[in-house]
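Below: one structure, written as structure tokens.
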Amino acid sequence: MISLVDVSKTYEGKHAEKVLAVKSINLDVQEREFITIVGPSGCGKSTLLNMIVGLLPITSGKILFNDELVVGPRKDVGMVFQRPLLLPWRNILQNVLLPIEILGRSNSDYQEEALKLLELVGLSGFENKSPWELSGGMQQRASICRALIHDPTLIIMDEPFGALDAMTRDEMGIELLRIWQERQKTVLFVTHSIREAVLLADKVIVLTARPCLIQEIVKIDLPRPRTSDTEFTTEYDTYVKEIRKMIYECGGKAS
Amino acid sequence: MNQKPTNSSGRESLFSKIVNLPKGTIQNRLLPAITFIILIILWELVTKVADLPVWLLPAPSDIVKSLVGRNDMFMHTWVTFYETILGFLLAILIGVPLAVLVNSSPLISNTIYPLILITQSIPKVAFAPILLIWVGYGIVPKIIIAFLVAFFPVVIDTATGLNSPSPELINLARQLNASKIQIYTKIRFPSALPHFFSGLKVAITLSVIGAVIGEFVGSDVGLGYIVIMATSQFKTPLSFAAMLLLALMGIVLFFVIALIEKLSIPWYGRGE
Ligand SMILES: Nc1ncnc2c1ncn2[C@@H]1O[C@H](COP(=O)(O)OP(=O)(O)O)[C@@H](O)[C@H]1O
Ligand SMILES: [Mg+2]
């Protein structure tokens with residue numbers, strides 16, 4: 001569904017110096033795959049995501065999305081960030097419907113779908129609440145609904161649980177897997193937690209920062225559906241150790 | 001769930017509610033009022049006991065007395081009031097589009113900002129007589145001065161507000177091919193409201209000062225004229241009375257803006 005061929009990104013710094021953020025990466029993403037991208041901060045995770053969805057021009061190489069060359073933003077993408085970024089002057093339902101309004105479609109056609117999504121993430125009955133009346137975890141669930149409302153083929157999530165407390169975070173991971181299984185989306189999920197990356201993924205892309213710029217893809221063959229019990233298996237531990245080693249040998253320090 | 005914390009007395013004073021001050025207990029609301037009253041009484045006592053001449057420092061009672069029978073003060077207050085309001089509205093009318101321009105591109109911003117800064121750095125008192133030569137006597141120069149002092153905070157604060165949404169949120173809209181207009185109407189303008197209103201609160205008090213500066217330079221009507229006229233005739237109590245009315249006008253206008261703010265952005269200050 002998505003393929004990256006020798007994709008690189010060099011930023012032009014303020015003083016004409018060049019920052020190599022992503023070095024010739026090759027990647028193939030299948031439809032409905034769950035891909036996690038793990039690595040220390042500054043290694044180019046967000047840069048990679050923004051290039052794939054067409055928000056950021058690439059320096060060299062090419063990106064294909066459903067056999068089309070990516071040249072600009074694609075509408076069939078949903079986005080979730082570290083902060084929920086809900087608009088405080090809109091209630092939860094109106095926040096979920098924001099993409100529909102931007103796309104110029106009719107809110108009333110999507111009202112039912114929005115309520116269904118809110119039910120899917122366990123927010124039934126909160127549709128008329130204001131964002132500030134919800135906890136951080138609940139707000140993040142609402143923002144997942146906002147990412148899904150226009151039925152995109154790809155969801156990108158940039159450290160979506162990074163601002164949540166550890167317990168909520170584990171719970172959200174498992175819940176995300178349930179939503180993913182039900183909605184059949186392709187997911188690109190950035191995290192700096194190796195454990196989270198392994199628990200969720202079909203494939204983990206391991207990135208490290210300069211100078212060594214490792215880019216490895218680790219296939220995770222753990223049975224699905226995965227639960228919190230998955231974390232107690234030896235296979236799981238083996239993957240975590242393998243990835244941690246890759247990062248540590250490079251001097252990085254992902255958690 | 002994050003709920004707004006309530007203080008021990010469970011109520012906010014209208015003042016702290018409107019001005020977004022932290023809520024306090026009864027004591028720290030009462031204290032300023034008592035201090036104020038004591039100061040007034042002290043002022044009255046000192047002037048009477050020391051038997052100061054009223055043209056040097058009038059007692060509060062002399063100030064009040066100077067207003068008795070002067071029905072023309074309503075008219076003077078009214079004139080200064082509408083000069084202030086017109087200057088202030090002009091500041092919004094011109095300041096907000098300017099803020100959008102500043103926000104829309106770094107190139108425009110780099111061109112406009114120095115110009116705005118120059119207009120702001122020129123002393124208005126020095127500029128007022130020149131304005132008089134250009135546009136003549138009448139209310140126009142007063143409105144222009146009020147506008148000139150008021151538009152700066154409007155532009156700066158609105159531009160800051162327009163720039164406040166997270167870049168990620170703007171990316172989310174861009175990903176869906178949002179038009180510039182959509183990004184402004186759905187995200188930037190509403191996000192800018194809290195900053196916009198803080199700018200307005202500063203601007204309205206400055207507008208009053210601007211109108212008075214305009215009246216100082218050349219006028220035969222308005223509270224600024226009264227101050228100049230009364231002082232030159234040693235009618236110090238009347239001069240104080242006019243200042244008091246100006247202060248009151250500033251305070252009332254400030255509270256009106258704060259009230260509109262409260263009503264139009266009830267979501268403000270509630271976290272994300
Ligand atoms: N707009 C930019 N201009 C210059 N350098 C940038 C820019 N954005 C990111 N970088 C640099 O590129 C590298 C990768 O950034 P990023 O993709 O945000 O990393 P991550 O998301 O993994 O923390 C970092 O070294 C960062 O400083
Ligand atoms: Mg990042």
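Computation of the quantities below employed the complete heavy-atom set of this structure, encompassing side-chain atoms and omitting hydrogens, waters and symmetry-equivalent molecules. Lettering of chains follows the sequences in order, A, B, ..., and the numbering in each one begins at 1.
- Contacts between E168(B) and chain A at a heavy-atom distance below 4.5 Å involve backbone atoms as well as side-chain atoms.
- Atoms CG and CD1, from N177(B) and I102(A) in turn, are 10.5 Å apart once rounded to the nearest 0.5 Å.
- Heavy-atom contacts from other residues, nucleotides or ligands closer than 6.0 Å to CG of D109(A) number more than 12.
- Evaluated for a side chain to side chain contact (heavy atoms under 4.5 Å, CB included) with N171(B), the options L55(A), D158(A), L56(A) yield exactly one hit, L55(A).
- Note on P190(B), P266(B), A178(B): by heavy-atom pairs under 4.5 Å with chain A, the leading option is P190(B).
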Evaluation steps, side chain to side chain contact (heavy atoms under 4.5 Å, CB included), between R74(A) and Q175(B): CA-CA 6 Å; R74(A) 296 185 55 104; Q175(B) 186 73 49; 4.2 Å; yes
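- More than 12 non-hydrogen atoms from other residues, nucleotides or ligands lie less than 6.0 angstrom from NZ of K203(A).
- Taking CG of L176(B) as the start and NE2 of H150(A) as the end, the distance is 5.0 Å to the nearest 0.5 Å.
- L85(A) CG to L172(B) CG: the interatomic distance, rounded to the nearest 0.5 Å, is 8.5 Å.
- In this structure, the portions of S191(B) lying under 4.5 Å from any heavy atom of chain A include both its backbone and its side chain.
- No more than 12 heavy atoms of other residues, nucleotides or ligands shown are found within 6.0 angstrom of CD on E112(A).
- Around CG of L69(A), the count of heavy atoms belonging to other residues, nucleotides or ligands within 6.0 Å exceeds 12.
- Atom CZ in R90(A) sits 5.5 Å away from atom NZ in K186(B) (nearest 0.5 Å).
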